[in-house]
Amino acid sequence: MMRKSRKESTAKLNQNGLTKRLLRLRVNGEVKEVATETNKTLLEVLREDLGLTGTKHGCELGECGTCTVLIDDEPVLSCLVLGVESEDADIVTVEGLMRDGRPHPLQRAFADLGATQCGYCIPGILLTSRALLDKNPHPTREQIREALAGNLCRCTGYTKILDAVELVVKGEVA
Amino acid sequence: MREKKFSVIGKPLRKVDALAKSTGDTRYADDLELSRMLYGKLLRSPLPHARIRGIKTDRAAKLKGVYAVITGADLPERFGIMPSTQDEEALAGEKVRHVGDPVAAVAASSEAVAEESLKLIEVDYEPLKPILSIEEALACTEESERIHAWNRRANIQKAVSFEFGDVVQGFAQADQIFEDTFFFQGNAHLPMEQHCALAQYGPEDKLTIWSSTQTPHYLHRALSKVLKLPMSRIRVIAAPVGGGFGGKSDPFSHEMCASKLAMITGRPVKFTLTREETFYVHRGRHPVKMWIRTGVKNDGTLQAMHFRSFLDGGGYSSYGLATVYYTGALQTVSYKLPVYKFEGVRVFTNKPPCGPKRGHGTPQPRFALEVHLDKIADKLGIDPVELRLKQLVEPDSITVNGLRVSTTGLRECIEKAAARAEWKKKFHQLPYGRGIGFAASAYISGAGLPIYWNGMPHSGVQIRLDRGGGITVFCGSTDIGQGSDSILAYVVAEEFGVDPADIRVVTADTDLTPVDLGSYSSRVTVMTGNAAIQACRKLKEMLFQVAGEALEVPVDDLEMAEGKVRSQSYPKRAISFAECVEKAETKFGTLGATGSYSPPKYPANYKGSGVGLTPAYSYSASIVELSCDPETAEIKVEKVWIAHDCGRAFNPLLVEGQSEGSVYMALGEALMEEQVFRKNGLHKFPSILDYKSPTTLETPEIETILIETNDPEGPYGAKEAGQGFLLPVIPAVANALFDAIGVRIDELPITPDKVLRALEGRLKPVSVPSFDFPPPIKWRPGEGVEVPQKS
Ligand code: FES
Ligand code: FES
């Protein structure tokens, strides 16, 4: 009945004797070495091997945006790339948005304006927003909308999320 | 009420968990990992309806890395959310009743091994004829065609019938009678977090489960029943819920199986459902067909209404018993209705079970009612806003079906929404292809009766004060993103005059926190808020006593503000809160207090009068402006105005957030989302890609207008602010479409295909089945127990 999920193919590969490998990943500015299966997605490596559970998953099929991380400053769905493909890149997760132990202005704006309800979509949305602002520090509301169109949120109706990003654009975060 | 100005209530403060949620610190159920943890998976039925002749699990059990395999025989006890309709099994015993019904569960060293082992389980099914629609269910009345054996009439879960007032006479007094039919398609909650449960069973024979549940208390009861363990040996912890909307309010198979497998293996077991599984676990909005007949005077005054609803319940009861009543209960709460008849039936079909989704059983009839009224206004040549305004339910009144209305801000909601949207200027005045629509609604602030009928409180709060002035609040309530943890902090901070950020909130843990019934029916703010105030006031009595002595100020002159206990007349006479706590502990011993809340008594006493009761009704009015391209029938919602009587906005940011999320969800239901099935019982769209829901691009600007009516039953006057907003938006969309292009779509979702068919005159009216409803229960106001109004 159910469609084949990615996990099933994983199981097959395992039976075919695929072994682990030592991955060197640069995550949030630190180099991490981890021995893991080569067929694991970056999402799985981050959550299961590195304990970075701030990155969430809503589908593991590339459809919801929840698992977004930054790879070399570009928002990427971490459920669609393999851990091994992410070596030699700069990976940023929500945990890496903090600066010197202080939340990023986006993180503060989201908290201040009530843009986090259940919070589950928020890490992905924060990273997509940061990638946008890095490239275009003064986007219009319409441009923010477009940038976030691949990140689903079921709680907020997006309104306060757009407001929070705009607040950062205006430089008005306390 | 109190004169004092609020220091916390009404302020746009951060939620207590807002930073944790935006830094990735919040640990949801699937973020938890325990040592030696195993991964669980469920084998689900590929068939919609089949008898199970046998299951062979030995090959799966032998697979390397598999620790245990269980089937229905291991968990035979039935369960379900409603005590009188316990028809679910953790794993199907004799029969499967929908595609996705679980039949076996495994615990293995990894998810991959668990999945691999499922393929080795052989189930011998004898396929049975599936029943996939309301009509088929009503037609399949033979004993041999039953989906369940326990219900009285084959495939009818529940049929109800009520008559309030003299219906024949009511219709006889009408100048005109209008009749319409409607269909509200089912849809899914689609929380971004998939369900997850992690269970651990210790050598001391105690079970702990962390689950993404909105109702830890009911899960506690169900686990005890199914596992045959006393509740005292089970600890349920609701992890922060990554979106619920009603979809995580039932006890679920994966929770039972995680627990059982943990007991068998002696190791922690975690189940995380896939996105596809969430569509089959479902419990979403019921598909409902509706028929409505209304008698009115020529000036639009309602004389009598007869409403019928037919609910497609899916394979199990879930909350359905309540849902069927809800489709008939709240029609009477917004507009004066002297005579009302309601008949409703919920059938079983071989599809995933439906349950409560935001608005639980009321968005469907509200859609029907508000579009029906729009049609009546149009035919009578009356402005639809005026039609409503002339017959609003009065405050402090009792409706024809015995519901007690205390405060209502509906008039203000309607007037303010109409003014902000420039209704008068736009209605009937916008160019072809652009339109504006209006609708209003009412919702409950918590169910008046608990699911298990007993005399115990619906909500309990315990507060502990420590020597450093620290305050910890314990409550069983469950934060599903709506901010219930913050609500507790705000109340306690307001009462003690301290900063909410200084308060620790411990919630949703059955070992630590007093029972709160759960995050459903928009009950949490009203019930936990009242319970928390009660607990605070007990402590304040002690604190004021010692402060009065220390400051030599009469107790009734004392107040708590700015972290101090001080004289109101001479604010300089003050001691710090922490010092006051020390003195109180010295005098009274360890400081703690409890508070609890139960809703008031209600006026009606007929059988079935329990649904629709509430401490207070919230009211909403919405105006939607949209454009529709007559060529492509593409609809673009331009703007939504929503006015909501929330009694008192505890935190306007949170209330607006609930409003915006509700409007968004309503637009998805109105225009895009549908949970529909193929002839073989498979879901047509079991993925986020195929199940269309609004993104940032489809979500318009939303303007929320908050109306405060200060309800005597609510904490600081607050009423519901989580679900009611959704209700008027859906019919307002349909009404706006009519204003834009002159066609009525009485069937949700309103897709371009339906609009084009309607424009070409090819859209058939919704057909409604015939059904022999039971003889009605008759009741009139005044026949029950009269209950005095609070004022
Ligand atoms: S988890 Fe949904 S896109 Fe990756
Ligand atoms: S805050 Fe819950 S999904 Fe976005």
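Each chain gets a letter, A, B and so on, in the order its sequence line appears, and its residues count up from 1. This one's a predicted model, so the numbers in the text were calculated from it and none came from an experiment. We use all heavy atoms of the structure for the numbers below, so side chains are in, but hydrogens, waters and symmetry mates are not.
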Under 4.5 Å from any heavy atom of chain A - which part of B:Thr272: side chain

Heavy-atom proximity to chain A below 4.5 Å, by part of B:Thr26: backbone

Within residues 142-151 of chain A, residues adjacent to chain B where the heavy-atom gap is under 4.5 Å: A:Arg145, A:Glu146, A:Leu148, A:Ala149

Carboxylate-amine/guanidinium contact B:Asp17 B:Lys21, below 4.0 Å: yes

Salt bridge flag under 4.0 Å for residues B:Glu277 and B:Arg44: yes

Pair B:Asn187, B:Lys357: side-chain N/O donor-acceptor within cut-off below 3.5 Å: yes

Salt-bridge criterion met for B:Lys248 and B:Glu193 (N-O under 4.0 Å): yes

Short N-O contact, A:Arg24 and A:Asp88, less than 4.0 angstrom: no

Greatest number of heavy atom pairs closer than 4.5 Å to chain A - which of B:Asp25, B:Leu118, B:Asp30, B:Asn680: B:Asp30

When B:Leu190, B:Ile480, B:Leu19, B:Asp479 are compared by non-hydrogen pairs under 4.5 Å with chain A, the top option: B:Leu190

Portion of A:His104 that has a non-hydrogen atom of chain B nearer than 4.5 angstrom: neither

Shortest non-hydrogen contact from A:Ile91 toward A:Ile71: CG1-CG1, 4.5 Å

Donor-acceptor side-chain pairing of A:Gln117 and B:Gln658 below 3.5 angstrom: yes

Interchain contact, A:Tyr158 with chain B, by part (heavy-atom threshold 4.5 Å): side chain

Residues A:Lys135 and A:Glu74 bridged, charged N to O under 4.0 Å: yes

B:Arg27/B:Glu33 ion pair, N-O < 4.0 Å: no

Which atoms of B:Glu698 approach chain A - backbone, side chain, both or neither, heavy atom under 4.5 Å: neither

A:Lys160 with B:Glu656: basic N within carboxylate O range, under 4.0 Å: yes

B:Val241 versus chain A, the contacting section by heavy-atom distance below 4.5 Å: backbone

Residue part contacting chain B, namely of A:Thr66, when any heavy atom lies under 4.5 Å: side chain

For chain A, the option from B:Pro240, B:Ala20, B:Gly24, B:Gly483 that forms the most heavy-atom pairs under 4.5 Å: B:Gly24

A:Lys56 versus chain B, the contacting section by heavy-atom distance below 4.5 Å: side chain

B:Lys119 bridged to B:Glu116 by N-O distance under 4.0 Å: yes

Side-chain donor or acceptor of B:Asn651 paired with backbone N/O of B:Leu13 under 3.5 Å: yes

Engaged part of B:His189 at the chain A interface, taking heavy atoms whose separation is under 4.5 Å: backbone

Contacting region of B:Leu654 [heavy-atom separation from chain A under 4.5 Å]: neither

Engaged part of B:Met665 at the chain A interface, taking heavy atoms whose separation is under 4.5 Å: side chain

Portion of A:Leu126 that has a non-hydrogen atom of chain B nearer than 4.5 angstrom: side chain

Engaged part of A:Leu113 at the chain B interface, taking heavy atoms whose separation is under 4.5 Å: backbone

N-O pairing of A:Lys32 and A:Glu30 below 4.0 Å: yes

